[in-house]
Number of protein chains: 2
Amino acid sequence: MNPEPFLKLDRVIHEKGRMAIMSLLAATPEMSFTDLKQTLSMTDGNLTTHIKTLQQAGYLGVTKSVLNNRPLTTCSLTPAGRQAFAEHIDLLETIVRQSKPNT
Amino acid sequence: MNPEPFLKLDRVIHEKGRMAIMSLLAATPEMSFTDLKQTLSMTDGNLTTHIKTLQQAGYLGVTKSVLNNRPLTTCSLTPAGRQAFAEHIDLLETIVRQSKPNT
DNA sequence: GCAGTCACTTTGCATTGCAAAGTAAACCTG
DNA sequence: CAGGTTTACTTTGCAATGCAAAGTGACTGC
């Protein structure tokens, strides 16, 4: 077993909740706070902190506007985020392959 | 995107270091504290805590003996650990597949 | 005009990850 | 054979994190 892929796993992305956010945004170019919250059944506080973490890492672009007189926070992956996520998935794929030699 | 696999990820296994430990032990039936430490270049403290966490979760069997007049801590997966790890890898595989629809 | 909802943000706490320091036994070494 | 070093861990302390409860502010129905 080669421990390298594990060592390279990006802790910012690796966390459950944030991986889910990144995955959603990889599939759907942009999603609102509320969409993310409902899709992932996360609590509000939990979600804002994860979004903030991803944003500070430069992985997420966040725009705040107003729609129908309500605040609307829209999130999307930055190019850096997209690439970091792709690399993370590659590492996971390596790990999966390493762990299932016979399939 | 289906968020289910993310929600099901076992936090005990998911953490980088512990995933690496579990992977090593899935490939190599038993390893000593020192083996793990060197292979994963972990600090001692970090490793004991992870081992303890995995042990308390019932995923790791830990036996302490003496070899060449030195303490020897030997770790191996329990059946529960093996299964939990296999499930975790399955979930990761699902996530990877979900994230790479076009390959 | 004030109770209630929506869309967040802030705060506080309890849990972790991590490494520095500690422990204990064996082993050189002069 | 006393004193220091190494090996193999464990404990402790702290900083960082995840999480949800409480807070904020704008709107909206009654």
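Only heavy atoms go into these numbers, but all of them, side chains included; no hydrogens, no water, no symmetry mates. In the text below, chain A, chain B and the rest are named by the order of the sequence lines, each starting its count at 1.
- Atom-to-atom, CG of Asn46(A) to P of dC8(C) comes out at 15 Å; the value is rounded to the nearest Å.
- Listed pair Lys52(A) / dT10(C) meets the phosphate criterion, a side-chain N or O lying under 4.0 Å from OP1 or OP2.
- Contact between Gly17(A) and Met42(A) at its shortest, heavy atoms only, is CA-CE, 3.4 Å.
- A salt bridge is defined here as a Lys NZ or Arg NE, NH1 or NH2 lying under 4.0 Å from an Asp or Glu carboxylate O, and Lys8(A) with Glu87(A) fails to meet this definition.
- Here Asn69(A) does not reach the OP1 or OP2 of dA26(D): none of its side-chain N or O atoms lies under 4.0 Å away.
- Between Arg11(A) and Glu15(B) a salt bridge is recorded (basic side-chain N to carboxylate O distance below 4.0 Å).
- Taking 4.0 angstrom as the limit, Arg11(A) places none of its side-chain polar atoms (N or O) nearer than this to OP1 or OP2 of dT16(C).
- The separation between Leu54(A) atom CG and dT17(D) atom P is 12 Å, rounded to whole Å.
- Look at CG on Asn68(B): it is 13 Å from P on dC9(D), rounded to the nearest Å.
- Contact annotation: Thr34(B) side-chain N/O to dC9(D) OP1/OP2 distance is under 4.0 Å.
- Contact annotation: Thr73(B) reaches the phosphate of dC9(D) (side-chain N/O to OP1 or OP2, under 4.0 Å).
- When each of Arg70(B) and Phe33(A) is assigned the nucleotide of DNA chain C bearing its nearest heavy atom, the one mapping closer to the 5' terminus is Phe33(A).
- Taking the six-membered ring for Trp and thresholds of 30 and 60 degrees, His14(B) and His14(A) have nearly parallel ring planes, at less than 30 degrees apart.
- Here dT17(D) is the nucleotide among dA7(C), dA20(D), dT17(D) with the atom lying nearest to any side-chain atom of Arg18(A).
- For Met31(B) and dA8(D), the CE to P distance is 14 Å, given to the nearest whole Å.
- Between the CG atom of Asp10(B) and the P atom of dT16(C) there is a distance of 12 Å, rounded to whole Å.
- Taking atom CG on Leu40(B) and atom P on dC9(D), their separation rounds to 15 Å, with Å as the unit.
- Whole-Å rounding puts the Ile21(A) CD1 to dG18(D) P distance at 10 Å.
- The distance from atom CG of Leu72(B) to atom C1' of dA25(C) is 15 Å, rounded to the nearest whole Å.
- Put simply, the side chain of Leu24(A) does not reach to within 4.5 Å of the side chain of Pro3(B), judged on heavy atoms.
- Contact between the side-chain N/O atoms of His50(B) and the OP1/OP2 oxygens of dT16(C) is not found at any separation under 4.0 Å.
- A donor-acceptor contact under 3.5 angstrom links the side-chain atoms of Asp44(B) to the base of dC9(D).
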